[in-house]
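To start, I am sharing the structure in question, which I have written as structure tokens.
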Number of protein chains: 2
Amino acid sequence: MSDTIYDVAKKAGVGIGTVSRAINNNPKISPQTKIKVLKAINELKYQPHALAQGLARKKTSMVATIVPFFTGYFFVELLRGIQQEISKYRYNLILYSVDQTNKTETFLEKTLRENRVDGTLLISLRINDKYAKKFSDSNFPIVLVDSYHPDLDSITVENKQGAYVATQHLIQLGHTKIGMINGQLKSSPAQLRLEGYKKALRDNNILFKEKYLIISDSGQDGFNREAGYQGMKRLLELGDNKPTAVFISSDIQAAGAIRAIQEYGLKIPEDIAIVGFDDIEMAEYLGLTTMHQPMFEMGKLAVQRLMAKISGEDSRKFKKSFLTNLVIRESCGFSRKMPT
Amino acid sequence: MSDTIYDVAKKAGVGIGTVSRAINNNPKISPQTKIKVLKAINELKYQPHALAQGLARKKTSMVATIVPFFTGYFFVELLRGIQQEISKYRYNLILYSVDQTNKTETFLEKTLRENRVDGTLLISLRINDKYAKKFSDSNFPIVLVDSYHPDLDSITVENKQGAYVATQHLIQLGHTKIGMINGQLKSSPAQLRLEGYKKALRDNNILFKEKYLIISDSGQDGFNREAGYQGMKRLLELGDNKPTAVFISSDIQAAGAIRAIQEYGLKIPEDIAIVGFDDIEMAEYLGLTTMHQPMFEMGKLAVQRLMAKISGEDSRKFKKSFLTNLVIRESCGFSRKMPT
DNA sequence: TTGAAAGCGCTAACAG
DNA sequence: CTGTTAGCGCTTTCAA
């Protein structure tokens with residue numbers, strides 16, 4: 001089929017070892033022969049067989065990225081960052097997506113034992129202690145993104161701070177009846193965002209009211225449109241006692257919530273102000289004030305850390321948490337000049 | 001490091017050939033020994049080394065998917081379909097993304113010569129004749145999705161029909177001054193959508209006016225927000241002569257166009273009706289009437305065809321074009337009961 | 001420096 | 001049926 005290292009060797013009139021040295025920038029080769037070999041390589045348009053190289057080198061030049069597809073579109077930015085950075089290292093990305101039917105662990109197991117990849121990136125997905133320990137013990141490179149485990153490298157976002165800022169923003173605007181629509185508490189971002197919300201209330205001497213807190217129970221993890229829609233409906237059914245502002249723990253839920261508000265014939269922000277979390281692309285079109293997560297940067301950093309692990313340059317545990325920042329649009333009553 | 005086939009063989013007290021047979025469901029093995037081997041495999045939690053397997057079998061169990069990230073979010077659905085289907089075949093997906101700095105051809109070359117994958121899926125990206133011929137000649141499995149080349153398998157969408165239906169819809173609503181905002185004509189979807197638009201006008205005895213046609217010139221290929229924003233501005237600057245309805249060749253451009261319309265203080269659909277193309281998730285929130293493309297199904301089919309090629313079951317050229325269908329929301333003056 | 005040869009871990013052909 | 005052996009295409013000693 002395609003040419004092998006033997007074809008190149010023959011053409012250049014050298015041994016295969018020499019060809020290999022030429023390819024791998026091995027110094028143990030004279031300039032002349034190197035040129036000769038390179039010439040043969042060019043003429044044959046020879047490319048080393050990736051698998052054979054991988055087998056011999058004991059490294060694959062591939063990393064796995066496991067993402068949850070049901071999470072919505074917010075990981076796209078992350079993926080862009082990952083891709084861009086990964087190609088700098090001349091690595092390839094294998095994408096595994098997890099949905100309700102496939103469990104994360106299948107892929108973790110695969111990634112760990114099949115030797116197909118040199119490392120893995122786990123996105124927005126929980127890893128249980130058993131696997132965390134496995135990875136940790138085996139020293140197999142892994143970094144968690146938008147997920148946290150004490151034993152592993154992780155890159156996260158300041159969920160608590162973000163929720164605090166979001167809630168604080170509502171308070172500064174004069175609101176005191178502030179609700180929250182959250183995802184399932186089994187996810188740690190959901191827990192932390194709840195903490196931030198509560199802390200902001202407390203710091204401002206506003207009493208936390210159970211009835212103002214909605215924990216979505218629809219769908220996978222509650223971070224979806226339908227959940228936001230239902231959640232807001234429940235809040236609106238409180239009638240005169242309903243909150244005048246709501247912190248919603250994801251933009252996608254906020255989108256559903258907006259629909260519910262519209263169906264009730266209410267207006268945003270006059271009747272009810274909302275602030276979201278994530279800053280997905282859609283947020284701009286919804287005019288949604290929200291907490292921006294630097295997904296692209298997180299993706300980049302994740303790759304850098306993973307590469308440091310793979311190359312063995314740096315084996316220390318690494319934890320980084322990015323701050324989120326408030327993006328003010330129209331859903332809280334502010335109206336800044338729109339950027340195009 | 002991790003166990004090899006030799007460890008299993010030793011443990012089971014058989015030769016490595018027998019282990020291999022057990023793994024690969026080779027019939028030339030007695031049930032008893034197979035059980036014995038499988039037991040050893042389980043105890044060792046042995047997993048065959050993917051690269052070694054690939055090298056020996058001359059197949060990698062991986063396919064490459066090359067996507068343009070600048071195209072926006074519409075390929076996410078496609079990716080979901082691809083992923084879901086690919087895992088049924090126990091294949092892995094390598095994702096390459098092309099942006100302005102990397103050219104498609106780098107990846108095509110890689111995919112073709114590096115033997116890292118058994119086949120490739122090219123998404124929404126043009127392939128030049130030279131490469132098309134290369135792939136065609138080499139018999140290397142490739143299928144184009146949302147892109148077309150006569151020499152290769154391709155799965156597309158009926159762009160012309162879609163544009164026709166979209167324009168026709170506007171005409172039926174009574175519009176006669178109908179504009180179009182299109183992407184760069186170098187992309188074939190853009191060309192075909194223009195044809196469909198023109199044909200609809202012609203069939204209804206409406207004169208095509210050059211001034212009503214905007215070819216976006218901003219950004220990569222014109223299929224982006226900014227392009228839609230600028231395009232709509234130019235249309236609105238026509239003043240009283242401006243169109244009363246516009247067919248916009250992608251939802252993402254429509255999003256930009258909507259912004260422009262709002263800035264002019266005009267209302268949709270009263271002052272100007274618009275219909276988009278793609279039906280990306282955001283369209284629902286924009287209340288955008290648009291042409292829906294069955295991305296998920298396209299992704300599935302693409303994988304099925306690719307696998308048929310890889311397995312050699314079917315080597316005929318395959319062309320399939322999916323119909324798009326009109327999704328009526330609010331941007332044209334219809335208002336159907338909202339689905340939640 | 002260079003060529004030859006020994007793996008990397010597996011599959012498949014070949015004897016038995 | 002089963003064990004042995006020869007590759008798959010490359011990297012990396014080891015002598016020369």
Side-chain angles (χ1 to χ4, degrees), chain A residues 1-38 40-41 44-62 90 92 110 112-118, chain B residues 1-41 44-62 90 92 110 112-118 311:
Chain A
M1 199 59 188
S2 55
D3 301 291
T4 73
I5 200 170
Y6 285 92
D7 300 306
V8 178
K10 196 179 301 171
K11 177 148 193 146
V14 299
I16 62 162
T18 305
V19 177
S20 177
R21 283 182 269 264
I23 294 169
N24 298 296
N25 283 97
N26 189 315
K28 296 165 172 294
I29 182 174
S30 79
Q32 305 95 294
T33 47
K34 183 162 183 177
I35 290 173
K36 199 167 57 178
V37 173
L38 257 24
I41 287 179
L44 259 37
K45 288 183 183 305
Y46 166 76
Q47 280 273 93
H49 189 295
L51 265 47
Q53 246 181 350
L55 186 59
R57 285 184 183 157
K58 293 175 179 305
K59 92 184 203 40
T60 65
S61 293
M62 308 218 260
R90 326 198 90 255
N92 302 95
K110 192 168 184 169
L112 192 55
R113 317 199 68 87
E114 215 190 19
N115 285 302
R116 197 184 284 284
V117 297
D118 297 335
Chain B
M1 198 61 188
S2 56
D3 301 293
T4 72
I5 199 169
Y6 286 92
D7 300 308
V8 178
K10 196 179 300 170
K11 176 146 193 150
V14 298
I16 62 162
T18 303
V19 177
S20 177
R21 281 182 272 264
I23 294 169
N24 298 294
N25 281 100
N26 187 315
K28 295 164 173 293
I29 183 176
S30 81
Q32 304 96 297
T33 46
K34 184 163 184 176
I35 290 172
K36 198 168 57 180
V37 174
L38 257 25
K39 185 160 155 287
I41 287 178
L44 259 37
K45 287 185 187 303
Y46 165 76
Q47 279 274 92
H49 190 295
L51 266 46
Q53 248 182 348
L55 187 58
R57 284 184 183 156
K58 294 174 177 303
K59 90 182 208 40
T60 65
S61 294
M62 305 218 263
R90 325 199 91 255
N92 303 96
K110 190 167 188 171
L112 193 55
R113 318 199 66 87
E114 216 190 18
N115 285 303
R116 194 183 284 283
V117 297
D118 297 336
S311 68

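Keep in mind the model is a prediction, meaning the values are calculated, not measured.
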Review point. Nearest to the side chain of B:Leu55 - D:dT11, C:dT11, D:dC8?
Key: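 Comparing D:dT11, C:dT11, D:dC8 against the side chain of B:Leu55, the answer is D:dC8.
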
Point to revise | Atom-pair distance (CD1 on A:Ile16; P on C:dG7), nearest Å | key: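 The answer, rounded to whole Å, is 15 Å.
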
Point to revise | Interatomic distance where CD1 belongs to B:Ile35 and P belongs to D:dT2 [whole Å] | key: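 In whole Å, D:dT2 P lies 12 Å from B:Ile35 CD1.
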
Check your understanding: Minimum heavy-atom separation for A:Val8 to A:Tyr46, with atom names?
Key ->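 Smallest interatomic distance, heavy atoms only, reads CG2-CG, 3.5 Å.
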
Practice item. Let me know the distance between CD1 of A:Ile23 and P of D:dG9, rounded to the nearest Å. Key: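 Value for this atom pair: 14 Å.
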
Review point. Between D:dG9 atom P and B:Arg113 atom CZ, what is the distance in whole Å?
Key: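 In whole Å, D:dG9 P lies 14 Å from B:Arg113 CZ.
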
Exercise for review: Give the intermediate values and the outcome of side-chain contact (heavy atoms from CB on, under 4.5 Å) for residues B:Val37 and B:Arg21.
Suggested key: CA-CA 10 Å; B:Val37 174; B:Arg21 281 182 272 264; over 6 Å; no

**Study point:** Selected nucleotide, minimal atom distance to A:Lys28 side chain, candidates D:dC10, C:dG3, C:dT2
**Key:**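 Looking only at heavy atoms from C-beta outward on A:Lys28, the closest nucleotide is C:dT2.
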
Review point. Does B:Pro27 or B:Ala52 map to a spot on DNA chain D nearer the 5' end, using the closest nucleotide for each?
Key: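 Nearer the 5' end of the strand: B:Pro27.
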
Check your understanding: On a plain distance test, is the side chain of B:Arg21 in donor-acceptor contact with the base of D:dG3 below 3.5 Å?
Key ->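 Such a pair exists between side chain and base.
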
Check your understanding: Counting any heavy atom closer than 4.0 Å, what does B:Val14 reach on the DNA or RNA strands: base, sugar-phosphate only, or nothing?
Key ->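 Contact class for B:Val14: sugar-phosphate only.
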
**Study point:** Exam field: side chain A:Ser2 to backbone B:Arg113, donor-acceptor pair closer than 3.5 Å
**Key:**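 Answer holds: no.
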
Practice item. Measure the distance from NE2 on B:His49 to P on D:dC8 and round it to the nearest whole Å. Key: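 Computing the B:His49:NE2 to D:dC8:P distance gives 19 Å.
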
Review point. Given C:dG9, C:dG3, D:dG3, which nucleotide is nearest the side-chain atoms of B:Thr18?
Key: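 Between C:dG9, C:dG3, D:dG3, the one nearest the side chain of B:Thr18 would be D:dG3.
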
Practice item. Please determine if a side-chain N or O atom of B:Thr4 lies less than 4.0 Å away from the OP1 or OP2 oxygen of C:dG9. Key: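 No.
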
**Study point:** Trace of the side-chain contact (heavy atoms from CB on, under 4.5 Å) decision for B:Lys39 with B:Lys11
**Key:** CA-CA 10 Å; B:Lys39 185 160 155 287; B:Lys11 176 146 193 150; over 6 Å; no

Review point. Side-chain contact, heavy-atom cut-off 4.5 Å: A:Asp118 with A:Met62?
Key: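 Side chain of A:Asp118 against side chain of A:Met62, heavy atoms only: no contact under 4.5 Å found.
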
Practice item. Calculate, to the nearest 0.5 Å, the distance between atoms CD1 and NZ belonging to B:Ile41 and B:Lys36 respectively. Key: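 It is 13.0 Å, given to the nearest 0.5 Å.
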
Check your understanding: Which angle, rounded to 10°, do you find between the first-five-pair axis and the last-five-pair axis of the helix from C:dT1-D:dA16 to C:dG16-D:dC1?
Key ->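 One end's axis against the other's: 50°.
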
Point to revise | Heavy-atom side-chain proximity of A:Asn92 to B:Lys110 below 4.5 angstrom | key: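 A side-chain contact under 4.5 Å exists here.
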
**Study point:** Spacing between A:Asp7 atom CG and D:dC8 atom C1', to the nearest angstrom
**Key:**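 It is 14 Å, rounded to the nearest whole Å.
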
Practice item. Between C:dT11, C:dC10, D:dT2, spot the one nearest the side chain of B:Ser30, thanks. Key: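 Per side-chain heavy atoms of B:Ser30, the pick is D:dT2.
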
Exercise for review: Evaluate the criterion side-chain contact (heavy atoms from CB on, under 4.5 Å) for residue pair B:Tyr6 and B:Ile16; output intermediate values, then yes/no.
Suggested key: CA-CA 6 Å; B:Tyr6 286 92; B:Ile16 62 162; 3.5 Å; yes

Check your understanding: Would B:Asn115 and B:Thr60 count as a side-chain contact (heavy atoms from CB on, under 4.5 Å) if you check the C-alpha gap in whole Å, the side-chain angles of each, and the deciding distance to 0.1 Å?
Key -> CA-CA 8 Å; B:Asn115 285 303; B:Thr60 65; 5.7 Å; no

Practice item. Tell me whether the OP1 or OP2 atom of C:dT11 has a side-chain N or O from B:Gln53 closer than 4.0 Å. Key: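 It does, given that an N or O in the side chain of B:Gln53 lies less than 4.0 Å from OP1 or OP2 of C:dT11.
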
Exercise for review: Go through D:dC10, C:dT11, C:dG3 for me and flag the one nearest to the A:Tyr6 side chain.
Suggested key: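 Within the option list, the nearest is D:dC10.
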
Review point. Does C:dA12 have OP1 or OP2 sitting under 4.0 Å from an N or O in the side chain of B:Asn26?
Key: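 No.
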
Check your understanding: Under 4.0 Å between a side-chain N or O of B:Asn24 and OP1 or OP2 of C:dT11?
Key ->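 Answer is yes, contact under 4.0 Å.
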
Check your understanding: Closest to the B:Lys58 side chain: D:dC10, D:dC8, C:dC14?
Key ->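 From the listed options, D:dC8 comes nearest.
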
Check your understanding: To the nearest angstrom, how far is A:Glu114 atom CD from C:dC10 atom P?
Key ->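 Computing the A:Glu114:CD to C:dC10:P distance gives 11 Å.
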
Check your understanding: If each of A:Ala56 and A:Thr33 is mapped to the nucleotide of DNA chain C with the nearest heavy atom, which maps nearer the 5' terminus, i.e. the 5' end?
Key ->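 Here A:Thr33 is the residue nearer the 5' end.
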
Review point. Please give, in whole Å, the distance from C:dC10 C1' to B:Asp3 CG?
Key: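 The distance from CG of B:Asp3 to C1' of C:dC10 comes to 15 Å, rounded to the nearest Å.
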
**Study point:** Residue-phosphate contact under 4.0 Å: B:Ser20 side-chain N/O, C:dT11 OP1/OP2
**Key:**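 So the side chain of B:Ser20 is within the cut-off, an N or O lying under 4.0 Å from OP1 or OP2 of C:dT11.
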
Point to revise | Nucleotide nearest A:Ile29 (side chain, heavy atoms from C-beta), chosen from D:dC10, C:dT2, C:dT11 | key: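 Of all the options, the side chain of A:Ile29 is nearest to C:dT2.
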
